[in-house]
Asker: 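Dropping the structure in here first, questions after.
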Amino acid sequence: MNNFDDIPGTYLFDKDRCHEGYHFNMFCKSLTEPKNRDDFKANEEGYLDNWQLTQSQRQSVLDRDWLGMIKAGGNIYYTSKIAATDGHSFQYIAALMSGTTENEYRKMMVDGGRSIEGNRSLSEKG
Amino acid sequence: MARIVAGLATSHVPAIGIAMDQGKTGEPYWKPLFDGYDPARKWLAKLDPDLIVLVYNDHGSAFSLEVIPTFAIGVAEKFLPADEGWGPRPVPVVNGDPKFAWHLAESLILDEFDMTIVNDMTVDHGLTVPLSIVCGQPEKWPCPVIPLSVNVVQYPPPTGKRCFDLGRAIRKAVKRYDDDLRVLILGTGGMSHQLHGERAGLINSEFDKSFLDDLSRQPQRLVDLPHIEYVREAGAEGIELVMWLVMRGALDDDVTEIYQHYHVPASNTATGLLILENLTE
């Protein structure tokens, strides 16, 4: 096990994830062009056909399964471009990835954020 | 002879730029953060540097996964704000200084830092938000800016030691420059934050405050800090803090701490700002 795997709820964007997620993240990157955003919004399935995505990557986009995107090799700075295209903030997708609502998440952040205590390692988390 | 007169470190949270662009800085959520930026803006206006070297990371804007330069330097006349998925920020074009940038690139490479040289690139929030934080909303930025980007998106980023040593090499390069320029170096990113996964929203204020204090007084502890400690303690995206070490490496060993500001949260992130001046200034 990679030492980083002991950190809970964290998907280090390492060599394996870059390899697995390359085409997926490059699809996300394409959304930095206004015309591509328009094409994607007009026909998501058709737009995704242009990219070599795995079935789980493709489905995670269609479902806006933000955590699923990360697990399928997506990098947050790339998947966030889908969120931007949808008109959502980083905070919105961070809330959904951590299994809560935007309002609850925002409140947690205003109250000082997610505590490090209990979140350093899987063993600590128990 | 050119010389580095001061260093400033700051977070570069995109939401800070959006709050400014949308005129929300006076809202209760944002006001405490922006109040803390006032002294830094006054300090910068008084310092009036001739040039800024701005150490930041690109977030899949100018670069992508196609090519991942560990260290890159922009040598262009100008750099346009990037479209990150919601259109470019309404901020001034960033003017470079090709003569200085090429000198810096040459000097660093001959000093064994294998820089990627970039003639054409946009700059994203990683670069424009720090400028907004320290300059406010001017019609044009106060001086030329040299973008120096560090990969912190793809693991592994450069080590803290490598970043610190790059700062040392920048300092040598600046001293070798004939023109009489007063240079400010900015290190950006951080502080503790995690944007992805079930652990998103992680904040570790104890880690951040030690980082702020030690960067001034005992940077060696941070130079030796391994990547896993950043990821574990400061969140996966908190690894951006290695870029603050480039700034610190470019300064004298002994510095004067001018100002420190820390606030939680800006969106998902703990924000810090630190100003250090060289004693020789």
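Here the structure is a predicted model, which is why all the values come from computation and not from measurement. Just so it is clear: chains get the letters A, B, ... in the order the sequence lines come, proteins before strands, and each one is counted from 1.
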Asker: Kindly indicate whether the side chain of B:N204, heavy atoms from C-beta on, has any atom under 4.5 Å from the side chain of A:R120.
Answerer: yes

Asker: Roughly how far, to the nearest 0.5 Å, is the OH atom of A:Y92 from the OG atom of B:S267?
Answerer: 14.5 Å

Asker: In residues 60-70 of chain B, what donor-acceptor pairs under 3.5 Å come from side-chain atoms, sequence neighbours left out?
Answerer:
residue	atom	partner	partner atom	Å
B:S61	OG	B:D124	OD2	2.9
B:S64	OG	B:E66	N	3.0

Asker: Between B:N268 and A:A94, which heavy-atom pair has the shortest distance, and what is it?
Answerer: OD1-CB, 3.5 Å

Asker: Give a yes or no on this: more than 12 heavy atoms of other residues, nucleotides or ligands lie within 6.0 Å of atom CD of B:E206.
Answerer: no

Asker: For A:M108, which atoms come within 4.5 Å of any heavy atom of chain B: side chain, backbone, both, or neither?
Answerer: side chain

Asker: If you define the side chain from C-beta out and look only at heavy atoms, does anything of A:F90 sit under 4.5 Å from B:V13?
Answerer: no

Asker: Going by the side-chain hydrogen bond (donor to acceptor under 3.5 Å, both in side chains) test, which pairs reach into residues 76-87 of chain B, not counting sequence neighbours?
Answerer: A:R37-B:D83, B:E84-B:H125

Asker: Using non-hydrogen atoms and a 4.5 Å limit, figure out which bit of A:R106 sits close to chain B: side chain, backbone, both or neither.
Answerer: side chain

Asker: Relative to chain A, which segment of B:P14 carries a heavy atom at a distance below 4.5 Å: side chain, backbone, both, or neither?
Answerer: side chain

Asker: Count the heavy atoms of every other residue, nucleotide or ligand shown that sit under 6.0 Å from CD of A:E104, and state whether that count exceeds 12.
Answerer: no

Asker: Near B:N119 CG, under 6.0 Å, is it more than 12 heavy atoms from other residues, nucleotides or ligands?
Answerer: yes

Asker: Would you call B:Q154 and A:F13 a side-chain contact if the rule is heavy atoms closer than 4.5 Å?
Answerer: yes

Asker: Quick one: which of A:G99, A:C28, A:G112 has the most heavy-atom pairs under 4.5 Å with chain B, could you say?
Answerer: A:G112

Asker: At under 4.5 Å between heavy atoms, what parts of residues 70-87 of chain A are in contact with chain B? List them by residue number.
Answerer: A:I70, A:K71, A:N75, A:I76, A:Y77, A:Y78, A:K81, A:A84, A:T85

Asker: Between B:F207 and chain A, with a heavy-atom cut-off of 4.5 Å, which part of the residue counts as in contact: side chain, backbone, both or neither?
Answerer: neither

Asker: Does a sphere of radius 6.0 Å around CG in A:N103 hold more than 12 heavy atoms from other residues, nucleotides or ligands, not counting ones at 6.0 Å or beyond?
Answerer: no

Asker: Which bit of B:S205 comes within less than 4.5 Å of chain A, counting heavy atoms only: side chain, backbone, both or neither?
Answerer: neither

Asker: Under a 4.5 Å heavy-atom cutoff, which of A:S98, A:A95, A:S89, A:G21 has the most pairs with chain B?
Answerer: A:S98

Asker: Could you check whether atom NZ of A:K41 has more than 12 heavy atoms from other residues, nucleotides or ligands sitting under 6.0 Å from it?
Answerer: yes

Asker: With a 4.5 Å limit on heavy-atom distance, are the side chains of B:V231 and A:F4 in contact?
Answerer: yes

Asker: Do any of residues 194-203 of chain B have a heavy atom less than 4.5 Å from a heavy atom of chain A, and if so, which, in residue order?
Answerer: B:Q194, B:L195, B:H196, B:G197, B:E198, B:R199, B:A200, B:G201, B:L202, B:I203

